[in-house]
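Let me begin by presenting the structure, written as C-alpha cells, before commenting on it.
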Amino acid sequence: MNVPTKHAKLLAWVREVERMTQPDSVVWCDGSKAEYDALMKIAVDGGLAVPLSRRSNSFLFRSEASDVARVENRTYIASRSQDDAGPTNNWIDPTELKATLKGLFTGCMRGRVLYVIPFSMGPVGSPIAKIGVEITDSPYVVTNMHIMTRVGKRVLEALGDTGEFIPCLHSVGKPLLSCQDDGGLWPCAPMERKYIAHFPEERSIWSFGSGYGGNALLGKKCLALRIASVVARDEGWLAEHMLILKITSPEGKVKYVAAAFPSACGKTNLAMLVPTIPGWKVETIGDDIAWMKQGKDGRWRAINPEAGFFGVAPGTSMESNPNAMHTIEKNSIFTNVALTEDGDVWWEKIGYDAPGKLVDWKGNDWVQDRNDKSQAPAAHPNSRFTAPAAQCPSIAPEWEDPEGVPIDAILFGGRRPSIVPLVTQSFDWNHGVFLGSIIGSEITAAAIDANIGQVRRDPFAMLPFCGYHMGDYFAHWIRMGKKTPAEAQPKFFMVNWFRKTAEGKWLWPGYGENSRVLKWIFERCDGTGQGVETPIGYLPAMDAIDRPENVRAEEMRELLAVDAAGWRRELEDIKANHYPRFGAKLPKELARMLEEMETRLK
Ligand code: OXD
Ligand code: MN
C-alpha cells in the first residue's frame, strides 16, 4: 500500500478503522481523473452504474428503494449534554452511541475496499477552508466526493504532518461474504441500522448504513453544516445553509448576497438565476452552503465550501434553470433519475415529454401516460445530479477566491402563500436575526389535513443542520452582530416568491423575474432604493420596484401590503408554539423584537 502522508494522527486513525472494519484492502485517494475513471469502471462492471451515451463522462446510479434521501430520524447530535443538542436534534449519549456504532462498524467492510479521501471544504489553503478525511467503502461516495469537494494530494500537502482534520467515517453497512459481490444492487443497511452520528465535542462523524447524498457525502451537511456550525460558534464565525450570488448593475457595481431557504424553495434556481431586467447580471458563487468569516475591515467574507452541485433533478429545465441544465451536460453523476432508450436522462418537469419508453428509477420499464394523473413518477422526487461547479455557465470568476467575497445582503425565504410580503428589509441586525428565526413554509394540501395553513418553522433553514442548541445558535448570531461595526453589517431581507390569491393562483411569476426583487435589494444596499417604514420592516414603495408585465398594479399592491391581522396571528403562533421550544436559551433580544413588533401592529 502506497501511503502518501506522514501525519501520525491520521495514520493512527486509518489503522484503527482498518482494524475495526476489516476491509480486504486500503486505498489512499489522490483525486486524479485516472482514479475517478477506474472507480466508475468498477461501478459499471459491477452493474451499479450505467454510462450515459448522450452525455460525455456521465453515469447513472439507481439506489435501493429505501435509501433515497437524508434520514433525519436516524441523524444524531451526540453531545455530552442533551441540552447542548437542544430541542431540534435527536440525541443519544455519546458513550452509548459510540458503543453501538463500534458494534456495527466491526467487520462491516469485509470483502470491500477501504478508501481514504483527504478533502478540503473550500479552496485548498484558504483561511476559511477546513480539511476533512472521509473513510468509506463506497466507490459511489468517492466519485461524488471528487466532484463535490477538492480531493487528494494537494489536500495532504496543505495538511502537512500535524495539521488539523475532521475525521468522517462512513460505511454502507453491508459486508460481503467471500467471493460475493453486490450483484448489481445498491448496498446499504436497513433503516433501523442506519446512523448518521455527529460527535460535536470530538468533531467527528460516524455514518453507517446509507450510501445516499447527505447521509454519505460527509463533507456536505455533516461537516460543512452540523460540525462546522459548532466550530463556528466556538471560533466566532458563521457556517450557514445559504447560497451565495453576485449581482452586477448596468453601471458595473457589484453586490454579494447570501440567502437561506428551507429545502424545496428553489435555492439552486435562485443561485443560477437569469435576470429578466436588461443590463443586470447574476452570477453564482455557491448554491447551498456559505462559510463566513469577518475580514480585517469587519465585513463578513463568504466562501462556498463545496466544489460541485448536488441538485434535485425533477423540476430542473431550460425554463426553470438553463444554467443548471448546461452544467450537467457532461462529467456528471445522476442518481435515481429515469433512463431513455438512447442513453440519456429524463425526469418529471424537465420541459419535454418522455422520449419513448424509459427505465424508471427502480429499474422497471416505464411509458408515460399523460391521462393518468396518479402515474408513479419515472424519476424519484429526490433524484439528483452531481456536477462540477466550474462547469456552470453563470459561475463567478471569483468563486474560488480564498479570501471569500464580502457579503452585502442576507436573505431569508420560505413558501408562504399568504401574509409574508414579496420582500421586507429588517430595521437592523437583531431584527434581521428575528426574521431569520421565524422563517418556514406553509403546510399545503399535500400534507396531513389537520395542519393545513400551519407554518412549519425552519429557522435560518438550519432546522436539520444546526449541530447544537438552536437557542444558542440565535445567541451566536446576536453576538456576531455586536462585533460587526454598523457600516460593515450586511442588510437583512425576508423574501417570498410564493404568494397566492385566495383562488390559489400565483401572484408572482418567480424565476428570472425575481431579479426585480434583487435589484431593489441591491439599491437598498447602495443607499439609493426607496423603502417605506412599516410595522414589520421596510417595504419597497410601489414605484421603487420594477413590476413584471404580467403582474397587475393591484396584484403588486397585494404583494407589498402589510396584512396586519395576519401578522398578529403570526406573532401569536411564534409566541405560543415556536419560541417556547428554546426555553431560557431564547435570547432576550429576540423576545424583545417580538414584543416590539406586537406593539407596532396594535
Ligand atoms: C439539500 C437539502 O439537499 O437542503 O441541499 O435538503
Ligand atoms: Mn441544502
Side-chain angles (χ1 to χ4, degrees), residues 61 63 67-75 88-89 121 140-141 144-145 147-149 194 196 198 205 207 210-229 238-245 258-272 284-292 302-316 320-321 324 327-328 332-337 347 379-387 389 392 410-415 436 439-441 456-467 470 473:
F61 286 78
S63 79
D67 199 27
V68 290
R70 287 186 289 102
V71 282
E72 287 178 20
N73 60 337
R74 305 296 305 168
T75 299
T88 59
N89 286 309
M121 295 311 287
Y140 171 82
V141 167
N144 274 269
M145 288 293 282
I147 298 175
M148 294 304 296
T149 72
K194 292 192 209 298
I196 319 300
H198 307 74
I205 300 158
S207 166
S210 167
Y212 204 85
N215 303 327
L217 312 178
L218 300 186
K220 194 174 178 65
K221 304 299 187 182
C222 298
L223 191 162
L225 290 175
R226 297 197 192 95
I227 293 295
S229 61
L238 298 160
E240 300 300 326
H241 189 205
M242 292 181 183
L243 63 86
I244 311 167
L245 58 80
F261 293 81
S263 306
C265 287
K267 239 169 112 188
T268 302
N269 294 348
L270 180 61
M272 298 178 192
T284 313
I285 309 274
D287 81 326
D288 197 37
I289 298 174
W291 282 358
M292 297 187 269
I303 62 163
N304 167 13
E306 303 190 278
F309 306 124
F310 185 66
V312 175
T316 308
S320 68
N321 194 339
T327 307
I328 60 181
S332 298
I333 299 172
F334 297 86
T335 312
N336 286 346
V337 302
W347 48 77
H380 187 277
N382 190 40
S383 54
R384 298 280 178 151
F385 54 78
T386 320
C392 180
I410 293 181
L411 275 49
F412 299 112
R415 279 179 183 266
I439 57 165
S441 287
R456 182 173 290 130
R457 308 238 174 240
D458 185 352
F460 285 72
M462 283 289 276
L463 195 65
F465 307 122
C466 183
M470 190 64 88
Y473 168 85

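Numbering of ligands and ligand atoms starts at 1, following listing order.
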Does at least one non-hydrogen atom of Arg70 fall below 4.0 angstrom from an atom of ligand 1? yes
Can you tell if the side chain of Glu306 reaches within under 4.5 Å of the side chain of Asp288, non-hydrogen atoms only? yes
Identified ring pair (Phe, Tyr, Trp, His ring centres under 6.0 Å) partner of Phe61 from the options Tyr212, Tyr140, Phe385: Tyr140
Output yes when the distance from some N or O of ligand 1 to some N or O of Ser263 is under 3.5 Å, and no in every other case. yes
Just let me know how Glu72 lines up against ligand 1, side chain, backbone, both or neither, with a heavy-atom cut-off below 4.0 Å. neither
How wide is the angle at the Mn ion (ligand 2) between NE2 of His241 and NZ of Lys221, to the nearest 10°? 90°
Give the numbers and elements of all ligand 1 atoms closer than 4.0 Å to a heavy atom of Asp288. 5 (O)
The Mn ion (ligand 2) and Gly214: any N/O/S contact shorter than 2.8 Å? no
Min side-chain heavy-atom separation Lys267-Asp287 under 4.5 Å: no
Are Met242 and Phe412 packed together at the side-chain level, in the sense that at least one heavy-atom pair is separated by less than 4.5 angstrom? yes
What atom name does the N, O or S atom of Asp288 nearest to the Mn ion (ligand 2) carry? OD1
For Lys221, atoms of ligand 1 separated by under 4.0 Å from a heavy atom: 1 (C), 2 (C), 3 (O), 4 (O), 5 (O)
Relative to the heavy atoms of His241, which atoms of ligand 1 are at a distance of less than 4.0 Å? 4 (O)
Pairwise side-chain contact, Ser207 with Cys222, heavy-atom cut-off 4.5 Å (strictly under): no
